Amino acid sequence: MKIESPAQLAETAKKLNSRPRPPMKLLVSLGTCGIAAGTVPVLKAIQNEIKSRHLENAIEINEVGCMGLCYAEPVIMFLEPESGKRLIYGDVSPQQIPAILAAGIDTPAINTRIIERNWYYPEIEKPAKNEFQSRIVLRNTGRINPENIEEYIAEGGYSALAKALTEMKSQEVIDVITASGLRGRGGGGFPTGRKWQFAADQPQGEKFIICNADEGDPGAFMDRAVLEGDPHVVLEAMAIGGYAIGASTGVIYIRAEYPLAVKRLEIAIAQAEERGLLGKNLFGSGFDFKIEIKFGAGAFVCGEETALIHSIEGQRGEPTVKPPFPAVQGLWKRPSVVNNVETYANVCAIIRKGADWFRSIGTSGSPGTKVFALAGKVAKVGLTEVPMGSTLREIIFGIGGGIKNNREFKAVQTGGPSGGCITKQHLDLGIDYESLKGIGSMMGSGGMIVMDEDDCMVNIAKFFLEFTLDESCGKCTPCRIGNRRLYEMLEDITNGVGTLETIEKLKTLSATIKDTALCGLGQTSPNPVLSTMANFEDEYLAHVKDSRCPAGVCVKLISYEITDKCVGCGLCIRHCPVNCISGERKMRHEIDQSRCIKCGACYQICKFHAIEKH
Amino acid sequence: MSCQCQNAGNSSSQSPEDAAKFDELAKFIASLNVDSLPDRRRGFLIQILHRAQSIFGYLPESVQRFIAESLNISRAEVYGVISFYSYFTDKPVGRYKINVCTGTACFVKGAPKVLDELKRRLGVNEGESTPDGRFFLGALRCVGACSLAPVVMVNDKVYGNMTADKVADVLKEYEA
């Protein structure tokens, strides 16, 4: 049935919320990482168990998106909507299901892993103790079934669009977004309201509203989680943006590596069209809006807005000089607004609750929240949404549970290949766009890769440079050739043939590339080099002066030796992939250094700590 | 880059299998209604290339020519797009596509060692296929399964928490 007025939408939501349902919900996390970790067999086991014990009227299975608890997947959550009671299980196996279902919500089943919820939803509830996370962007992600529009409507979905179309003028919508201080969550932090205003100020005619879902920053997966877990929030926000700037077509540019997100978007668009929430004359306002999906094909640079637009047009995704800005001359030379997924995911809440509410969260310069993807050597890998101004310590040690295997925290990389690393001394800095820039990094899309004492910072810089080299479109010389030279110098250093002069040259060339490259990708590519050099100069010096890699990573600079502790058990001989260890049984073994590939297999396998790394 | 025109397939030498594939592609292109906006035909190019690659497995010269003709653009433009995007390939690839994630999270957790072991065991470099056409070895950037790092994908199946030691077992699954 089509929904044609705000009253009808409210009526539908009310009906959905009052229909008879089982008293208990069982949420099963079915995002990409959940599925990879094995939630599908768990879901099957739950379905079988419910069927065989005739629990259909007692428990409702809800297939939801990512809850952000990636480290504990497969994750399931009992929820009693009436009382708000809940119980979260992590590392669930199909064998545990009968016991878990028998135990119910009040008593955890034995031999299982229980997880505390550490987030709350500021739009609908107050935080309890230890709930550091404040979820606006992830409001529905991991809570509702993304493949069923009814669940979204029941949670107040599309009411922001209804409000904008029937109660507000286009300019009023822009004014609210401007007043809220919402800034681009893709990395740049440009004020969203101002972007919309530019496009709205262009003469009437065909305009486009584009969603950048080309999440290319390695180690960032928040956009994927939103698209997989709550696709309608993006569709609704794009329609609101379209109304604000006068565009009747929306385009979602999504990377081909996210097949599940694409599938869920397609389902969401079809369901919204069927309900009349996308298409012609939305809510009887006379406003038409349709959304198309366009695919990327594996090019990081397409996250840059001009490159992204060229890619949608079926060209090589090369960036062009701005101006003209896309807001003036974008897709098919028409005024276009490009916003990131996470930015859109804030819009509906702002329209519903107002600019002042949004400004009450976060810092004055960067209101709202930010989603971070915590990964690397942190104990609890996953997604976390915190108010801007939270400290790295709260995120990494509070929510992330500190460093894995009791190792020492060394640095955290934010902003991906364009960002920089942040060390211990800044752990207590409240992070927002400005503060991160101030310490030589950047917000970026929100990837946070945590590194410990076993990571060599020169090698990390080399890794990011290799990434940039691979992804450089080749159009401008500083990026194409300059980065290649930077990479070669880093390679020299990690191979132990670098000199103090190499380090000086690295600095000069980095500065030149920053000043002269054409687009954001090139201009920021030396950042990892500069920031690791600023924070870990001693490590660079150890490589060039002493031919030593302090973290023991650079293979040319390390060697393995068997000490007197060796009992001659032969374990390392069996594990050496190139058979370069020899020795009689019960005699001390020896490594043939000329053939050793320094894989470290013997070092890890030895039970007697008889192998030393130099 | 050398010109491969002399190797180009033409319709007269097509096998029945190929003809069926071209038919499927033609039907897909027809379903897009590319002529509805004649100045914007190009906008369909990447979508068509994705479909063509899933039909043919790769994008040989004959397919590139076919697509260029149906969109009324030059073959150079089609080739330019294929060579730009890492997702597209104009060379046949192995039946099982092994991709090692080389995103940052996988990197710090030891993906390079896994990649080295795969290279050693398969005897090929990144971006190459084994001579028997069974395996293709590639690297891709972040599949977003960072909690399982390091990650290896074989076609669509994800193997998490990989180590060099586990490589042999994974390969064994596909060797039978």
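Naming: A, B, ... by sequence-line order, numbering from 1 per chain. Fair warning: this is a prediction, and the values are worked out from it, not measured in the lab.
- There is no contact between A:Val378 and chain B, counting heavy-atom distances below 4.5 Å.
- When side chains are defined from C-beta on, B:Met153 does not count as touching A:Glu257, because their heavy atoms never get closer than 4.5 Å.
- Partners of B:Gln53 according to the side-chain hydrogen bond (donor to acceptor under 3.5 Å, both in side chains) rule, which considers only residues two or more places apart in sequence or in another chain, do not exist here.
- Contact annotation for A:Cys473: both backbone and side-chain heavy atoms come within less than 4.5 Å of a heavy atom of chain B.
- Between chain B and the residues A:Ala256, A:Ala375, A:Gly447, the largest count of heavy-atom pairs under 4.5 Å involves A:Ala256.
- Residues meeting the ring-ring contact (aromatic ring centres under 6.0 Å, His included) test with A:Phe464, sequence neighbours left out: none.
- Of the two parts of A:Lys380, neither the backbone nor the side chain holds a non-hydrogen atom closer than 4.5 Å to a non-hydrogen atom of chain B.
- Contacts from residues 123-138 of chain B to chain A, taken as heavy-atom pairs separated by less than 4.5 Å, involve no residues at all.
- Residues A:Phe463 and B:Val108 form no side-chain contact, since every pair of their non-hydrogen atoms from C-beta on lies 4.5 Å or further apart.
- Scored by the ring-ring contact (aromatic ring centres under 6.0 Å, His included) test, B:Phe84 finds no partners at all (sequence neighbours excluded).
- Nearest heavy-atom pair across B:Gly43 and A:Trp332 is N-CH2, 3.7 Å.
- Without hydrogens or angle criteria, B:Thr104 side chain to A:Gly219 main chain gives no donor-acceptor distance under 3.5 Å.
- Ring geometry for A:Phe295 against B:His50 counts as perpendicular: the plane angle is over 60°, on a 0 to 90° scale with 30° as the lower cut.
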